[in-house]
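Worksheet: one structure, shown below.
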Amino acid sequence: YSIQRQGTISFYMTNKGGQTNNTVEATMLRTLIKRKNLRNHCQRRGQLRYNSGVYIGKDVNSAIVHDLKQAFIQPKDVPVVPTYRLMDSDGVILNADELPSISNEKLVEAYKNMVKLHEMDNVLYSIQRQGTISFYMTNKGEEGVQLAAANALDIGDIVYTQYREAGLFIHRGWDITKFVNQCFSNHYDLGKGRQMPVHYGDNSINMQTVSSPLATQIPQATGAGYALKREGKKNCAVAFFGDGAASEGDFSVALNFAATLESPTMFFCRNNQYAISTPVEEQYRGDGIAGRSLSYGIPTIRVDGNDFFAVYKATTEARELCVNESTPVLVEAMTYRAGHHSTSDDSTRYRDKGEVDDWVSNNNPIQRLKKYLLRENLWDEESDSQLIKEQKKAVIAAVQESSTVKKPNMDELFTDVYDEIPSNLLEQKEELAQHLRKYGKEYGLDEYAK
């Protein structure tokens, strides 16, 4: 170290512990402590470190023990995070005192939207199998968690979805036609045909576009939440993701940044038991996803994801914590993916049909809420049958309409990346135009909008 200070070598790092020697660095540190008024904090840290305990970080101190058995912690010795539930599978309320404040009108509307989502899935999955669209992913089994969370959020909250959150778009005003236009990649697709089906997005309602690479939306939400905080807005960012995405490094990075920056970001995990074909038993050990966020110092709740009331209340509370205390929060919603991962997947290859049937029969979120509405005389079977018919008819009509719409104008290949199209792209655009003027008949240009 000494010869580095004399300029003999360019760089060195010591292995010293304890107090800093009386060097230039020590002088700078003392000046910094005085300037930033950190002396009391550092004295407290020193006392904790050397006397009564060990300073771990903000508000976290580790007690000193002298017994190895006490010091060595086994996972089985740590309490498992409980699961919050308010309504059982028969639609019976388990704790009336805990019921959230939500109007009957909103409950019925949420139920209608769940049915709409379910019927849209049935039709679009079917037409993909017929080759009408190239790809699709259903939301079956997870309709409840989507609509409950959607109702608890504010329209000003910035939402980053994964690909199984179509219910949030419905709640924020999307009609069936917008979904179908996107899946057809036609002229009215907001993404202008640049994305594969199910990659929805709409900035006007603060719904960021779905991105295929797994988990990229999680750290993006951390940054968005921090931006909202700096702007002084009473809103939060929300990142939806599955249990499989939590195995990506982006998950850990996002949580740590959010915790240390105190970013008002809600991390919403839909734990649907499978990462494509990988069951949770092969994904992780330990206390699911909720156990991880606690280690980052983040308030956490685990909830029955097929219980509308529990998800709604948990999300409401999580949002209030984010906004009012400027803290990240993690919600782990325990649900089940009742459909295949996508139209590229055959889940019968890795799970029993009986397992799926059991979940659909006993933990169906749509049926649970329906039973509650029937019991409270807020709904009836005749209205239910009519609703299903109407929604199915509406989806089929949207498919018929969207299938006749032309594809986006080819000029859209060059837009929306730069504020002003650079010269090299303008050259490419002109080259394409010349090519099409010569060979346009080979490309079916009548199928594209002018």
Side-chain angles (χ1 to χ4, degrees), residues 113-114 116-147 149-150 159-218 220-221 238-245 248 268-270 272 274-277 335-347 391 394-396 398-399 401-403 405 407-408:
N113 284 336
M114 289 163 68
K116 177 187 290 187
L117 178 58
H118 186 76
E119 292 306 312
M120 182 179 77
D121 278 346
N122 286 339
V123 175
L124 295 188
Y125 184 87
S126 177
I127 66 169
Q128 191 283 330
R129 286 328 212 186
Q130 299 166 19
T132 307
I133 58 176
S134 62
F135 179 81
Y136 193 70
M137 302 180 79
T138 71
N139 302 269
K140 293 182 178 180
E142 301 178 52
E143 300 94 343
V145 69
Q146 296 179 35
L147 270 303
V159 177
Y160 290 78
T161 65
Q162 186 158 311
Y163 39 60
R164 223 180 294 279
E165 288 88 14
L168 279 92
F169 285 88
I170 291 176
H171 176 77
R172 293 194 173 192
W174 265 35
D175 58 21
I176 296 297
T177 303
K178 286 189 176 181
F179 291 102
V180 181
N181 284 337
Q182 197 281 328
C183 289
F184 273 92
S185 296
N186 65 28
H187 177 60
Y188 296 119
D189 168 20
L190 295 182
K192 302 179 181 179
R194 298 173 182 137
Q195 278 276 22
M196 62 189 293
V198 189
H199 287 53
Y200 314 119
D202 189 345
N203 194 48
S204 70
I205 55 173
N206 287 316
M207 297 292 294
Q208 303 304 305
T209 303
V210 174
S211 180
S212 287
L214 202 60
T216 55
Q217 77 277 15
I218 309 178
Q220 292 167 0
V238 188
F240 285 87
F241 56 95
D243 44 286
E248 294 283 348
F268 201 107
C269 176
R270 299 173 291 92
N272 63 18
Y274 285 93
I276 307 183
S277 61
T335 182
Y336 187 77
R337 195 196 76 212
H340 304 296
H341 172 73
S342 71
T343 49
S344 301
D345 173 49
D346 178 7
S347 64
Q391 294 301 334
V395 181
I396 293 174
V399 168
E401 178 184 349
S402 296
S403 64
V405 177
K407 297 175 183 178

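- Aromatic rings from Tyr274 and His340 are positioned such that their centres are separated by 6.0 Å or more.
- Across all their heavy atoms, Gln217 and Phe241 have their closest contact at NE2-CB, 3.7 Å.
- Residues Leu168 and Gln146 come closest through the heavy atom pair CD1-O, 3.8 Å.
- Remark: the backbone N or O of Ile276 is paired with a side-chain donor or acceptor of Arg337 at under 3.5 angstrom.
- Closest of all the heavy-atom pairs between Tyr336 and Glu142 is O-CG, 3.7 Å.
- Each of Ile176, Thr138, Ile170 was checked for a side-chain contact (heavy atoms from CB on, under 4.5 Å) with Leu117, and the lone residue meeting it is Ile170.
- Note: Phe135 CZ to Met196 CE = 4.0 Å, rounded to the nearest 0.5 Å.
- Of the possible donor and acceptor atoms, one in the side chain of Thr335 sits under 3.5 Å from a partner among the backbone N and O of Gly141.
- Distance alone, capped at 3.5 Å, is enough to place a donor-acceptor pair between the Gln128 side chain and the Ser134 backbone.
- Residues Ala398 and Thr177 share a closest heavy-atom pair of CB-OG1, 4.0 Å.
- Note that CD1 of Ile133 is 9.5 Å distant from CD of Gln182, once rounded to the nearest 0.5 Å.
- Within the structure, salt bridge (charged side-chain N to carboxylate O under 4.0 Å, His left out) pairs that include any residue of residues 119-141 do not occur (at least two apart or interchain).
- Nearest heavy atoms, Val198 versus Tyr163: CG1-O, 3.6 Å.
- For the atom pair CG of Asn139 and CD of Glu165, the computed distance is 8.0 Å after rounding to the nearest 0.5 Å.
- Note that CZ of Phe169 is 5.0 Å distant from OG1 of Thr161, once rounded to the nearest 0.5 Å.
- Environment of OH in Tyr125: crowded, with over 12 heavy atoms of neighbouring residues, nucleotides or ligands closer than 6.0 Å.
- Ser185 approaches Gln195 most closely through the heavy-atom pair OG-O, 3.6 Å.
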